[in-house]
Q: 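Provided herewith is a single structure, encoded as structure tokens, for subsequent inquiry.
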Amino acid sequence: MTRTTRLGRCGVLVLTGLLGAWVGAATARAEDANKADVEALKKSLAKYEDYTAAVRDLYLSTVGCVYYSGEKIPGTMEYPKGAMGIHFVNVPSVGQKLDPMKPNVLIYEPTKKGLKLVAVEWLVPLTPDVKEPPSLFGQKFMGPMEGHYPLIPKEFVHYDLHAWLFRDNPNGMFSPTNPKVKCSDAEFPMLEKPTKMMPGPM
């Protein structure tokens with residue numbers, strides 16, 4: 001004979017509370033782990049505050065300072081108003097296995113005192129093997145999108161994730177643009193045209 005035990009209302013409430021507490025604790029542990037990883041990453045990249053160290057490690061500048069006006073254009077990727085700065089891309093690392101401790105791009109803000117490291121970026125090219133947006137630090141990558149022409153060929157369709165490790169961002173650490181970062185002191189051409197949003201992989 002099989003016996004069935006029923007939980008009373010109090011039992012259900014207690015069980016629900018325990019499950020909620022467990023989920024909350026698990027979420028907090030994940031957030032703490034992500035924060036620890038981000039701090040470790042920031043520390044490991046401190047040497048690149050000197051952009052010449054970046055160049056020696058094959059991070060090569062795309063020259064232009066990327067800025068978006070916030071204008072919404074149908075059929076294009078929408079970004080909050082702000083800058084993405086000057087990108088230094090480590091080309092050999094693009095297309096390799098995603099490494100949270102080695103971003104493909106270092107981002108600098110042009111200032112009157114020179115280039116200042118403000119953020120990093122990871123790039124994942126869209127290939128048949130990529131079935132869904134990748135993620136790091138609990139954050140899903142944006143995209144897929146075309147390359148940021150004219151600095152990056154449009155044909156370079158990719159996902160990306162920014163992290164403003166070295167400059168506070170009112171839009172959040174992982175926002176693609178930062179309204180506090182300016183291109184006004186750049187001696188290079190600016191890019192103001194948003195890039196097209198591409199259809200996701202099927």
Side-chain angles (χ1 to χ4, degrees), residues 34-35 38-39 41-91 93-94 100 102-124 136-137 139-154 156 158-197:
N34 287 333
K35 287 180 181 177
V38 167
E39 285 303 314
L41 171 65
K42 183 176 178 180
K43 185 176 181 180
S44 73
L45 297 175
K47 65 178 181 178
Y48 294 130
E49 291 181 12
D50 176 0
Y51 79 92
T52 61
V55 173
R56 287 195 295 270
D57 284 351
L58 300 182
Y59 283 92
L60 304 180
S61 176
T62 56
V63 181
C65 188
V66 182
Y67 175 85
Y68 289 96
S69 65
E71 179 184 2
K72 295 183 179 180
I73 301 176
T76 65
M77 180 75 81
E78 293 181 7
Y79 294 112
K81 183 178 181 179
M84 285 186 185
I86 298 174
H87 292 55
F88 280 60
V89 183
N90 184 275
V91 176
S93 71
V94 178
K102 187 174 181 181
N104 310 108
V105 182
L106 302 174
I107 298 174
Y108 292 84
E109 179 182 18
T111 73
K112 293 179 180 179
K113 295 182 179 180
L115 296 178
K116 182 177 180 181
L117 180 64
V118 290
V120 298
E121 180 182 0
W122 292 266
L123 300 172
V124 175
L136 283 178
F137 309 110
Q139 304 292 319
K140 186 177 290 186
F141 281 45
M142 292 184 67
M145 68 191 80
E146 291 180 345
H148 305 296
Y149 183 82
L151 304 182
I152 299 175
K154 288 184 177 182
F156 179 65
H158 65 283
Y159 292 95
D160 67 30
L161 177 69
H162 294 76
W164 297 88
L165 301 176
F166 300 92
R167 184 68 183 273
D168 179 58
N169 188 345
N171 295 332
M173 177 180 288
F174 297 101
S175 172
T177 56
N178 189 334
K180 287 189 173 183
V181 172
K182 308 298 181 184
C183 285
S184 54
D185 290 326
E187 296 180 358
F188 307 117
M190 291 189 298
L191 173 66
E192 297 186 1
K193 185 177 180 181
T195 57
K196 287 185 178 180
M197 171 71 86

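What's counted below: heavy atoms across the whole structure, side chains too, no hydrogens, waters or symmetry copies.
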Q: Quick check for you: to the nearest 0.5 Å, what is the distance between Leu136 atom CG and Leu41 atom CG?
A: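 Between atom CG of Leu136 and atom CG of Leu41 there are 9.5 Å.
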
Q: Spell out, as yes or no, whether a donor-acceptor pair under 3.5 Å connects the side chain of Thr177 to the backbone of Ala83.
A: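 No; zero donor-acceptor contacts below 3.5 Å.
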
Q: Mind checking whether Pro80 and Pro179 have side chains closer than 4.5 Å, heavy atoms only?
A: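 Contact flag for Pro80/Pro179 side chains = no.
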
Q: From His148 NE2 over to His158 NE2, what is the distance, rounded to the nearest 0.5 angstrom?
A: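 Rounded to the nearest 0.5 Å, the NE2-NE2 separation comes out at 4.0 Å.
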
Q: Does the pair Val105 and Leu123 meet the rule for a side chain to side chain contact (heavy atoms under 4.5 Å, CB included), with working shown?
A: CA-CA 8 Å; Val105 182; Leu123 300 172; 3.7 Å; yes

Q: Between Trp164 and Ser175, is there a donor-acceptor pair closer than 3.5 Å when you use the side chain of the first and the backbone of the second?
A: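 Side chain of Trp164 to backbone of Ser175, a donor-acceptor pair under 3.5 Å: yes, one is there.
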
Q: Enter the distance from Phe166:CZ to Glu49:CD here, rounded to the nearest 0.5 Å.
A: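 Between atom CZ of Phe166 and atom CD of Glu49 there are 5.5 Å.
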
Q: Identify the two heavy atoms, one from Leu106 and one from Ala54, that lie closest to each other, and give their separation to 0.1 Å.
A: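 Scanning both residues, the minimum pair turns out to be CD1-CB, 3.6 Å.
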
Q: Please find the pair of heavy atoms, one from Pro110 and one from Leu115, that lie closest to each other, and give the distance.
A: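 That closest heavy-atom pairing would be CA-CD2, 3.9 Å.
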
Q: In Å, rounded to the nearest 0.5 Å, how long is the span from OH of Tyr68 to CE of Met84?
A: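 Those atoms lie 4.5 Å apart.
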
Q: Pick one: which of Tyr48, Phe88, Tyr108, Tyr51 meets ring pair (Phe, Tyr, Trp, His ring centres under 6.0 Å) with Tyr59?
A: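 Exactly one pass, corresponding to Tyr48.
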
Q: For Arg167, what residues pass the side-chain contact (heavy atoms from CB on, under 4.5 Å) criterion, not counting sequence neighbours?
A: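 Testing Arg167 for side-chain contact (heavy atoms from CB on, under 4.5 Å), a comparison that skips the adjacent residues, returns Glu109, Val118, Asn178, Lys180, Val181.
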
Q: What pairs with Leu60 under side-chain contact (heavy atoms from CB on, under 4.5 Å), at least two apart in sequence or on another chain?
A: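 With neighbours one apart ignored, the set is empty.
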
Q: Does Lys42 reach the main-chain N or O of Leu165 with its side chain, forming a donor-acceptor pair under 3.5 Å?
A: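 Between the backbone of Leu165 and the side chain of Lys42 there is a qualifying donor-acceptor contact (under 3.5 Å).
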
Q: I want to check something: taking the side chain as every heavy atom from C-beta on, are Lys47 and Asp57 in contact at a cut-off of under 4.5 Å?
A: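 Contact flag for Lys47/Asp57 side chains = yes.
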
Q: NE2/His87 to CD1/Ile107 distance, rounded to the nearest 0.5 angstrom?
A: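 CD1 of Ile107 is found 4.0 Å from NE2 of His87.
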
Q: For Lys140 versus Leu161, what's the shortest heavy-atom pair and its separation?
A: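 Shortest heavy-atom separation between Lys140 and Leu161 comes out as O-CD1, 4.2 Å.
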
Q: Return the CD1 to CG distance between Ile86 and Leu151, rounded to the nearest 0.5 Å.
A: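 It comes to 9.5 Å.
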
Q: Minimum heavy-atom separation for Pro176 to His162, with atom names?
A: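 That closest heavy-atom pairing would be CA-ND1, 3.6 Å.
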
Q: Suppose we screen for side-chain contact (heavy atoms from CB on, under 4.5 Å). Which residues come up paired with Ser93, at least two apart in sequence or across chains?
A: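 Scan of Ser93 (side-chain contact (heavy atoms from CB on, under 4.5 Å), adjacent residues dropped) gives Asn90, Asn104.
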
Q: Using a 3.5 Å distance criterion without hydrogens, assess whether the side chain of Lys116 forms a donor-acceptor pair with backbone atoms of Lys113.
A: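 No, Lys116 side chain to Lys113 backbone: no donor-acceptor pair under 3.5 Å.
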
Q: Give the minimum heavy-atom separation between Trp122 and Pro103, together with the two atoms involved.
A: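 Residues Trp122 and Pro103, closest heavy atoms: NE1-CA, 3.4 Å.
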
Q: Under 4.5 Å between any side-chain heavy atoms of Val124 and Asp160, yes or no?
A: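 Side-chain contact under 4.5 Å: no.
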
Q: Any chance you could lay out the side chain to side chain contact (heavy atoms under 4.5 Å, CB included) test for Tyr67 and Lys81, step after step, and finish with the verdict?
A: CA-CA 8 Å; Tyr67 175 85; Lys81 183 178 181 179; 3.0 Å; yes

